[in-house]
Engineer: 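Would you mind keeping the following structure in view while I ask a few things?
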Amino acid sequence: MRSIFIFLSFVTFWSFAQANEDANLNSQYEKAVKSYKANDFSASYELLSKLYLTNLSDANLNFYLGRSAYETGHYEVALAAFERVETLDDGNLRNKLEMARTYFMLKMYEDSEMAFRAVLQNPNIPQNVRTNIELYLSKVTKVQQKSFTYATVNMDWIHDSNVNYGSLDNDYNINVGGGILPVHSEDISDNAIQAYGDVTNVYDVGEKNGFAIKNKFIGLIKDYNNEDDYDIQYLSYTPSLIYGEAKHLIELAASMDNLHIAKQNYLNSFYVMPRYEFAHTTTLRSITYFKYQEKDFKRATEHDLDAKHYELSYAVQKILSPRSYVQANLTGIQEKKLHGDRIDVDYDEYRVNVAYANQFTSTYGAELFAEYRQRGYDDFSALFNSTRTDDAGTAGITLNAKILQTLRFNVKGTYNKVESNQARYSYQKYTLACGVNKTF
């Protein structure tokens, strides 16, 4: 009985001691995370460098350790921690970026370039993050005495339920005056093949690596099966000067582009666009830009559409996790005709949209998009006995899957609906696209 009593006493004491140790470890971990989030990286590094051995399989703990080690100059420790996270969670985009930055600080420039390129291949990263990566890569390649160039090629099959109304796209917009005026009263659907390609070159300038020059070329061809009048050929060239340091990034871009429709020269335009980005915290950013554009329509029948176009936009981006983000944008637009008396040119518009992206695994990712926009025209229409106002909504979802390291399959569905007080301009359409994306 005495032996049993001693054994039970030992077990109780050991359990009590273990519970106390676990509670102490949890307390130390919570203290370390609190220091990390307060940007007190010295304190978080001191605590986490002692704690990580107790749980090598905790991806979050290792990521916090890696970031703390990086910020305090312990780059070898940081790299080891980031490599453990990569093994535990290979879909963690933020960790891949941190690894690339750490390679650079360790002067492992080829590894750094390869790591940054791997992140650029992912379509779920926001555009401002892409710009930051390009700026970093300009520094990496400058050390290697070369400039950084990468290219993207997309091939898509598209179904459009209402070809009558023009396309809304990030790169080109032929929804002039609310849409290309429909030739037919009924909706016309058709299929198309679209090929898109862009080449981006970034070169670091200046002794302190603060500035970089970026040149971007874009080409696009959309070929409809039957509705040849809506075929598109688009080209653009956009040079920009980028400056980035600490919490600030400034980009001054200019662009010249040309749009052909049905193999006829349709529109030339030129714009300048300064953009400013500020990092409030490591997970919260503000992005604002102003855009001034001049539109020069080449067809004689549409020459009176020539206009000056103004945009002012503000966005807030929140990094929700190392693999997901949400971004909300508010944009005000004004367009004024240069000459003529057309009533479908001068307008004021505002847009509110939200985008959410998540890289669920290293293979699968998705993006959701929703937008509301309202456009009010300035000129009175005697035909409709009113001034035109359009309310529009757009919803879209994109799914992508990695086939090979630099090859992805994607499917995108978009729905647009416009309600106008002048019935002729009310419409709805949906598009479905699927294809492959290749980076070089």
Side-chain angles (χ1 to χ4, degrees), residues 123 151-199 217-236 257-269 295 297-302 305 344 366-369 371 390 392-401 403 407-418 420 423-440:
T152 303
V153 175
N154 293 347
M155 289 292 297
D156 294 297
W157 172 88
I158 299 173
H159 175 75
D160 189 333
S161 71
N162 190 351
V163 181
N164 296 347
Y165 285 87
S167 301
L168 285 169
D169 189 271
N170 291 334
D171 297 307
Y172 64 91
N173 181 353
I174 58 174
N175 233 33
V176 179
I180 296 177
L181 297 183
V183 178
H184 311 281
S185 58
E186 76 279 4
D187 296 350
I188 296 178
S189 64
D190 197 7
N191 300 325
I193 298 296
Q194 178 171 289
Y196 169 94
D198 68 56
V199 178
F217 301 86
I218 293 175
L220 179 143
I221 297 174
K222 180 185 285 185
D223 183 25
Y224 284 96
N225 288 355
N226 301 311
E227 302 301 319
D228 296 339
D229 288 344
Y230 299 95
D231 289 349
I232 294 170
Q233 302 86 40
Y234 173 80
L235 292 171
S236 77
D257 55 24
N258 171 259
L259 178 67
H260 278 61
I261 298 180
K263 298 182 180 179
Q264 295 183 29
N265 197 3
Y266 181 76
L267 171 65
N268 288 343
S269 73
K295 297 181 176 182
F297 288 83
K298 309 311 292 184
R299 295 179 181 177
T301 56
E302 292 163 338
L305 287 171
D344 58 347
E367 181 178 350
L368 303 176
F369 177 82
E371 179 179 79
D390 296 345
T394 301
I397 180 171
T398 303
L399 305 174
N400 63 79
I403 302 172
L407 183 66
R408 288 180 178 267
F409 173 77
N410 56 77
V411 178
K412 181 178 182 179
T414 305
Y415 175 75
N416 298 296
K417 184 175 183 179
V418 176
S420 178
R424 175 174 181 170
Y425 302 102
S426 296
Y427 71 93
Q428 57 183 332
K429 67 183 290 179
Y430 67 86
T431 57
L432 178 65
C434 60
V436 291
N437 170 281
K438 172 71 175 176
T439 57
F440 300 89

Engineer: Would you compute the distance between atom CG of Leu259 and atom NZ of Lys295 and round it to the nearest 0.5 angstrom?
Structural biologist: 10.5 Å
Engineer: Going from CG on Leu235 to CZ on Phe217, what distance comes out if it is rounded to the nearest 0.5 angstrom?
Structural biologist: 11.0 Å
Engineer: What I want to check is whether the side chains of Asn226 and Tyr224 have a donor and an acceptor closer together than 3.5 Å.
Structural biologist: no
Engineer: Within the 3.5 Å criterion, strictly below it, is a donor on Thr394 or Asn416 matched to an acceptor on the partner's side chain?
Structural biologist: yes
Engineer: Distance check, rounded to the nearest 0.5 Å: Asn400 atom CG versus Lys412 atom NZ?
Structural biologist: 12.0 Å
Engineer: So, taking the atom named CG in Leu368 and the one named OG1 in Thr398, what distance separates them when rounded to the nearest 0.5 Å?
Structural biologist: 8.5 Å
Engineer: Kindly write out the residues that satisfy side-chain hydrogen bond (donor to acceptor under 3.5 Å, both in side chains) with Asn154, not counting sequence neighbours, or none if the list is empty.
Structural biologist: Asn437
Engineer: Within a 6.0 Å radius of atom CG on Leu432, are there more than 12 heavy atoms belonging to other residues, nucleotides or ligands?
Structural biologist: yes
Engineer: Can you see which heavy atom on Ile193 is nearest to which on Trp157, and at what distance?
Structural biologist: CD1-CD1, 4.0 Å
Engineer: Nearest 0.5 Å please: distance from the CD1 atom of Ile232 over to the CD atom of Gln194.
Structural biologist: 7.5 Å
Engineer: Could you pull out the closest heavy-atom pair between Tyr234 and Asp257, with the gap in Å?
Structural biologist: OH-OD2, 3.3 Å
Engineer: For the pair Asp229 (side chain) and Ala262 (backbone), establish whether a donor and an acceptor sit closer than 3.5 Å, ignoring hydrogens and angles.
Structural biologist: no
Engineer: Can you see which heavy atom on Ala195 is nearest to which on Met155, and at what distance?
Structural biologist: CB-SD, 3.5 Å
Engineer: Hey, mind stepping through Val153 and Phe440 against side chain to side chain contact (heavy atoms under 4.5 Å, CB included) and telling me if it holds?
Structural biologist: CA-CA 8 Å; Val153 175; Phe440 300 89; 3.8 Å; yes
Engineer: If you compare all heavy atoms of Tyr266 against all heavy atoms of Glu302, which two are closest, and at what distance to 0.1 Å?
Structural biologist: CE1-OE1, 2.9 Å
Engineer: Asp160 and Thr431: side chain to side chain contact (heavy atoms under 4.5 Å, CB included), yes or no, with the steps?
Structural biologist: CA-CA 5 Å; Asp160 189 333; Thr431 57; 3.9 Å; yes
Engineer: How long is the gap from CG on Leu220 to CG on Asp156, to the nearest 0.5 Å?
Structural biologist: 9.5 Å
Engineer: Which heavy atom of Lys222 sits nearest a heavy atom of Ile158, and at what distance?
Structural biologist: CE-CD1, 4.1 Å
Engineer: Please list, chain by chain and in numerical order, all residues satisfying ring-ring contact (aromatic ring centres under 6.0 Å, His included) with Tyr430, sequence neighbours excluded.
Structural biologist: His159
Engineer: Determine the minimum heavy-atom distance between Ser420 and Ser426, stating which atoms define it.
Structural biologist: N-OG, 2.9 Å
Engineer: Taking the basic N atoms (NZ, or NE/NH1/NH2) and the acidic carboxylate oxygens, is any pair closer than 4.0 Å for Lys263 and Asp231?
Structural biologist: no
Engineer: Run Asn268 and Lys298 through side chain to side chain contact (heavy atoms under 4.5 Å, CB included) and show every step you take.
Structural biologist: CA-CA 7 Å; Asn268 288 343; Lys298 309 311 292 184; 3.8 Å; yes
